[in-house]
Every structure is written in structure tokens, then in C-alpha cells.
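Report on the following structure.
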Amino acid sequence: MCREYGISKATLFNWRKKYSGMEAAQLKELKALKDENRRLKQMFAELSLDYKLAKDIIEKKL
């Protein structure tokens, strides 16, 4: 199976250890949560950058 999908045996064992016992619904929820977390982290980074730029502009005006 590893050869067929082009993954190593170590990767397969890590996936088994990480996801064993989970049902399909739980895996879908986990994936959705990870996607939302990634999106929120990106939003935070953008807002943080905007805040820093606004702060620098305000400091220069004073």
C-alpha cells in the first residue's frame, strides 16, 4: 500500500498512531478545525501587521 501511494512506512505508522480509533466524522471535524485555525492565524498576522503600520504612522505624525 505504501508503494502504491508513494509514502514511506514511517509515515504510515505515524498516521496510524495519530489517527487510529478515529471515525470519518471525527477526521472531517479535525480537518475543518485545522483549516479554521490556519485561517485565523493568517488573519491575526495580517491584522498585527496593519496595527504595527498604523502605530508607526501615528508615531511619525506626533
Let me check something: any side-chain donor-acceptor pairs from residues 12-33 under 3.5 Å, sequence neighbours excluded? List them with distances.
residue, atom, partner, partner atom, Å
Asn14, ND2, Ala10, O, 3.3
Ser20, OG, Arg16, O, 3.1
Gln26, OE1, Glu23, N, 2.9

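- Listed by first and then second residue, the side chain to side chain donor-acceptor pair (under 3.5 Å) pairs involving residues 2-12 are Ser8-Thr11 (not counting sequence neighbours).
- Applying the side chain to side chain contact (heavy atoms under 4.5 Å, CB included) test to Gln42 and every residue at least two apart in sequence or in another chain returns Arg38, Glu46.
- When hydrophobic side chains of Ile, Leu, Val, Met, Phe, Trp and Tyr are connected at separations under 4.5 Å, Leu40 ends up clustered with Met43.
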Indicate every side-chain donor-acceptor pair of residues 53-60 with a distance under 3.5 Å to a residue at least two apart or in another chain.
none

